[in-house]
Structures are given as structure tokens and as C-alpha cells.
**Student:** 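Provided herewith is a single structure, encoded as C-alpha cells, for subsequent inquiry.
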Amino acid sequence: MDKAKRKAIIAGNWKMNKTPKEATALLNEITPLVKDADCEVIACVPYVDLAAAIEATAGTNVKIGAENCHWAASGAFTGEISTGMLKEIGVEYVVLGHSERRQYFGETDETVNKRTKAALAAGLKPIVCVGELLWERECDITEEVIARQIKLDLWDVSEDELKNVVIAYEPVWAIGTGKTATADQAEEVCAFIRAQLAKLYNQDAADAVTIQYGGSMNDGNADELLSKTNVDGGLIGGASLVAEKFAAIVKAASK
Ligand code: 13P
């Protein structure tokens, strides 16, 4: 298992926070703080902030991601955004299957899979989120839940396409709750995800996939989480909205 084979990626998921003007201001604070990062740095921002975010990060090492995309190229899907629209303005990443989309907006593994395939076909890099509910962990079915999500969300994704996929392990009970998974819990599930990828593809392909941890990751716990063999980065909610905290996590990943 060679951690050095993989790109460390720290991504902010801003969720429904920041107007375009606020996005520009926050990115103007973040960019100088992370300019020497030895990892990939991404800000995934609300749709209406994307253009401002791309402008604010032009010429920097910060990449911009969206928080969702639709699978159809165009059509009668009121309120949705296509991969082509994102691509045309310079978006590089897209968060898919976040637990908040699954919980509040009817996202299923089938729709996550459709979005993932569409994103890959358009040349976007999907950050596919998986994770168990507290109830599922208590019932000791975390591995079944994760194995099912990985298999279904990546159904029909080729080994070549897998190179552009990032997986985010986000235990739902740790999101926005201040309850972080312990570094050992995060490592256990991230290692399990890699083992599933090895089964579905092969060990080399699995070893090359960046697997992030997400769920109350912050400047205080990032070091320990990121020290684990299979934790290759973080998907950061709350702490990504504070420039110094986000920069400290980027620094932890750059070691
Ligand atoms: P928090 O870091 O706020 O717990 O959110 C995690 C998350 O959902 C990132 O996608």
C-alpha cells in the first residue's frame, strides 16, 4: 500500500453558504494562504458562486468544484444544471451523492451513478460521497452499506474513468455534528473502500484512488486523520468557510 501513489486532496464543500460577493472575499483570503500547498486544493461552491469563484482563483492553485450536476445533457429538468454548463465555465470537480442530497432531495445510488457517469463523460472529476447512518453503524452493517454504495455508485465506470474519481467517506453521524470519526474508524472504512475497489477493479487501480474523509474535520484533528494510510484527504464543510482553518487543514495534508 503506497500512500505516495495518490494525490492528497483537500476540498471545501461550502454547501448553501456564501453569496457570490462573499465567495470572492473568502477565496481572496484563502488563495494566498494555500499558495504553497503540496496537495490539491478545491473549493466546491453553490452554482451561482461558480463564475465568481473561477474568476477569483484564476492563476492560483485552487480548483473549483460544483456541489451537484444532472445526468442529462439538456432538457426539461427545471432547476437542474448540466455537466456541459459546468464544464464551459471552467469547473473541474463536482460533489455527487452527498448525504444531504440523499437525505433531503431523494438522491439514490441509481441517480448518483447516472450523475457520476455523466460527469466523467464530460471530463469533470466527481467526488462521490458514501457513508453510513448512525443507525446503520449501531446495527453493525457499515461495511454492507459502504460496499453497496461503492458498487452501485460506480456501476459501469471503467478502470480508466476511475482514475478521475475521488471517493469521500463521510459517516453521516459525523457531518456537522462536531462528532468526528476517530482516526482509526476513518482508516478502517477508507481501507475497506479501497479493498472493495480492488475487488471491483484491481489492486493497482484501487491504490491510485484518492479517498477522503469528511465529517467535522478541522484544523485540530486533520493531522491525525490524514496520518492514516488510507485517508488521502478531506472533504470539509464548516471549517472550509474560515480561511485560516481551511489553510491549516491544507497544511496538514501537505506534510
Ligand atoms: P462538516 O465538516 O461541517 O461536518 O461537513 C462535512 C461535509 O459534509 C463535507 O461534505
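This structure is a prediction, so every number in the text was calculated from the model and none was measured. We count ligands from 1, going down the list as the structure has it; atoms in each ligand are counted the same way. Positions are given from 1 along the sequence.
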**Student:** Test Arg194 against every option in Asp207, Asn230, Thr229 by the side chain to side chain donor-acceptor pair (under 3.5 Å) rule and name the one that passes.
**Tutor:** Asn230

**Student:** Is the backbone of Glu67 close enough, under 3.5 Å, to the side chain of Tyr93 for a donor and an acceptor to pair up by distance?
**Tutor:** no

**Student:** Any idea which protein heavy atom is nearest atom 3 (O) of ligand 1, and the distance to it?
**Tutor:** Gly238 N, 2.8 Å

**Student:** Can you check whether Gly176 has an N/O within less than 3.5 Å of an N/O in ligand 1?
**Tutor:** yes

**Student:** Quick test: of every protein heavy atom, which one is nearest to atom 2 (O) of ligand 1, and how far off is it to 0.1 Å?
**Tutor:** Gly237 N, 2.9 Å

**Student:** Is any side-chain heavy atom of Glu110 closer than 4.5 Å to a side-chain heavy atom of Leu152?
**Tutor:** no

**Student:** Report yes if some N/O of Lys15 lies less than 3.5 Å from some N/O of ligand 1; otherwise report no.
**Tutor:** yes

**Student:** Just checking, any donor-acceptor pair under 3.5 angstrom between side chains of Gln196 and Tyr201?
**Tutor:** no

**Student:** Geometry only, no angles: is Asn13 polar-contacting ligand 1 at N/O separations under 3.5 Å?
**Tutor:** yes

**Student:** Could you check whether any heavy atom of Ser240 sits closer than 4.0 Å to an atom of ligand 1, since that is the contact criterion I want to use?
**Tutor:** no

**Student:** Look at Asp219 together with Lys251 and state whether they make a salt bridge at an N to O cut-off of under 4.0 Å.
**Tutor:** no

**Student:** Can you pull out the closest protein heavy atom to atom 9 (C) of ligand 1? Residue, atom name and distance to 0.1 Å, please.
**Tutor:** Glu170 OE2, 2.9 Å

